[in-house]
Amino acid sequence: MAQKIEASVLRSPLGRVRGLGAGHSGTRHWWGQRATAVALVPLAVWFVGSVLGLLGAPQEVAARWAGRPWHAVLLLALLAALFYHLELGVAAVIEDYVPNPLHQRAGRLVLRGAVALLFLRGALAILRLALT
Amino acid sequence: MAAGDRRAGLTSDGRLIERPLSPHLQIYRPQITSVLSIMHRFTGLALAVGAILLVAWLAAVAGPPEHYRAMARFLGSPIGLLLLFGWTAALAYHFFNGIRHLGWDLGLGFERAEYHKTGKAVVAAAAGVTVLLWVIGLILW
C-alpha cells in the first residue's frame, strides 16, 4: 500500500523528507544545535570558573589571562559554539512567532548579521590579546 | 482564537488541507513540563542578550584602559550586578535543563515520574549553583 502512494506522487520518500520539514531544511540544524550544546558544557564550566578568578582583577591580569595561547583558543571556541547555538535558538523563536514569510526571512537576515558582527568583534578582541 | 479555529496548510506532497488550530498557551493549566520548557526558551533568549555583554567585556579587556575601567564600573554598579545575577541564574538553568534535553535526545527519561523528577532536580541544581557562584564571587570580589 505504501508503494502505491509513492508511485502516485512520483517522488521517493527520501526526496519528500529532504528539505520539506516545517523549517524547510533537514536535520543539519538539529545536529548543529546538539553538537554545540555538548561543546558548550565544558566550555561554559571553564569560562565561569575562570571569570570567578578574575573578579575585580586589573586589566593587565585579565588581558594576560585571555591572551595565553590555549585560553585564547578556548575563548574563540566558546564564541564560535555560543554564537552558532544562539543563532539556531533565536531563529527557532523567529520561525515560531513571525508568521509572515517575508518578515521571517528579514528577521533571520538581521539575526545573521548581528551574530556575525558580534562574533567578529569578540574574535578580534581575543586575537589582539593573543598576538600583542 | 477559539479552540475550534482552522487554518490552511500543505501536506507533504503539496495538497492544500485544512488543519485544526491547537488552543493557545493561555488555555492550558501550567504544568512542570510546559513551564520548564518555556523557561528554557526564555533563559536562552536572555543568554543571547548576555552574549552581547560577553563580547563587550572582551572588547574592553583588549581596549584602552578607560574603556576597561568604564566596563568594570558598569558591571559593579547595581544594574550591572543585577544583570550579572540574572545572567548567572539563566546560564545555570539553561545549562542543567540543556543536559536534561540531551538526555531526552538519547531516549532517556521519558517516563512521567522521571521527567518530573529531573525537572525538579534541574530547578534545584540551577538555584543551588547560582547561589554558590555568587557566594564565592562576592567573597573573592
Side-chain angles (χ1 to χ4, degrees), chain A residues 5 8-11 13 16-17 20-21 30 33-34 37-38 40-41 44-45 47-49 51-63 65-67 75 78-79 82-83 85-87 89-90 92-93 96 99 111 114-115 117-130 132, chain B residues 7 9-15 40-45 47-69 71-72 75-76 84 87-88 91-92 94-102 104-106 129-130 132-141:
Chain A
I5 295 167
S8 67
V9 289
L10 292 176
R11 205 159 193 190
R16 276 209 273 169
V17 165
L20 283 174
W30 191 92
Q33 188 108 49
R34 269 76 193 165
V38 171
L40 282 167
V41 169
V45 171
F47 179 74
V48 170
V51 164
L52 268 186
L54 289 172
L55 286 177
Q59 186 173 12
E60 307 83 68
V61 176
W65 172 80
L75 281 172
L78 170 69
L79 279 193
L82 174 67
F83 277 110
H85 192 82
L86 182 162
E87 182 176 353
V90 178
V93 175
D96 281 355
L111 173 67
V115 162
L117 288 178
L118 282 169
F119 171 75
L120 288 171
R121 184 64 188 88
L124 174 71
I126 296 164
L127 289 175
R128 269 182 80 178
L129 292 166
T132 51
Chain B
R7 72 191 277 182
L10 290 176
T11 62
S12 59
D13 51 355
R15 278 179 301 115
H40 196 68
R41 175 162 280 195
F42 184 75
T43 51
L45 285 176
L47 291 169
V49 177
I52 301 172
L53 188 67
L54 171 63
V55 169
W57 180 76
L58 285 168
V61 172
E66 60 271 21
H67 191 158
Y68 184 81
R69 273 200 301 276
M71 174 58 73
L75 292 178
L84 282 177
W87 194 78
T88 315
L91 178 65
H94 202 83
F95 180 93
F96 287 115
N97 202 46
I99 290 172
R100 183 165 169 251
H101 267 280
L102 289 173
W104 287 333
D105 292 336
L106 295 172
V129 164
T130 304
L132 186 71
L133 282 173
W134 274 75
V135 168
I136 297 173
L138 289 174
I139 290 170
L140 289 176
W141 189 35

Proximal component of A:Phe119, with respect to chain B [non-hydrogen, under 4.5 Å]: neither

Heavy-atom closest pair (A:Leu54 atom, B:Trp57 atom, distance to 0.1 Å) is CD1-CH2, 4.2 Å

In this structure, CG of A:Leu117 is separated from CD1 of B:Ile52 (nearest 0.5 Å) by 11.5 Å

Looking at B:Tyr68, is its backbone amide N or carbonyl O close enough to the side chain of A:Gln59 to form a donor-acceptor pair, meaning the two atoms are under 3.5 Å apart? no

So for atom CZ, which belongs to B:Arg41, do other residues, nucleotides or ligands contribute more than 12 heavy atoms lying within a distance under 6.0 Å? yes

State, yes or no, whether a side-chain contact exists between A:Leu55 and B:Leu138 at a heavy-atom distance under 4.5 Å. no

Looking only at heavy atoms, what is the nearest atom pair of B:Ala62 and A:Ala125, with distance? CB-O, 3.5 Å

What closest approach, in Å, do B:Val61 and A:Ala62 show between heavy atoms, and which atom pair accounts for it? CG1-C, 3.8 Å

Under 4.5 Å to a heavy atom of chain A? For B:Ala56 that would be neither

Among A:Leu86, A:Val45, A:Val90, which residue forms the greatest number of heavy-atom pairs with chain B at distances under 4.5 Å? A:Leu86

Drop me the distance from B:Leu54's CG to A:Leu118's CG, to the nearest 0.5 angstrom. 10.0 Å

Heavy-atom proximity to chain A below 4.5 Å, by part of B:Ala51: both

Chain A: which of B:Leu91, B:Asp105, B:Leu140 shares the most heavy-atom pairs with it under 4.5 Å? B:Asp105

Side chain from CB out, backbone as N, CA, C, O: work out which of these in A:Ala123 comes under 4.5 Å of a heavy atom of chain B, or both, or neither. neither

Apply side-chain contact (heavy atoms from CB on, under 4.5 Å) to residues B:Val55 and A:Phe83 and explain how you reach the verdict. CA-CA 11 Å; B:Val55 169; A:Phe83 277 110; 3.8 Å; yes

Here the gap from B:Leu47 atom CG to A:Leu82 atom CG, rounded to the nearest 0.5 Å, amounts to 8.0 Å

Is it the side chain or the backbone of A:Leu75 that comes within 4.5 Å of chain B heavy atoms, both, or neither? side chain

Side chain, backbone, both or neither: which part of A:Arg34 has a non-hydrogen atom closer than 4.5 Å to chain B? both

Nearest 0.5 Å, please: how far is CG in B:Leu132 from CG in A:Leu52? 9.0 Å

Residue part contacting chain B, namely of A:Val115, when any heavy atom lies under 4.5 Å: neither

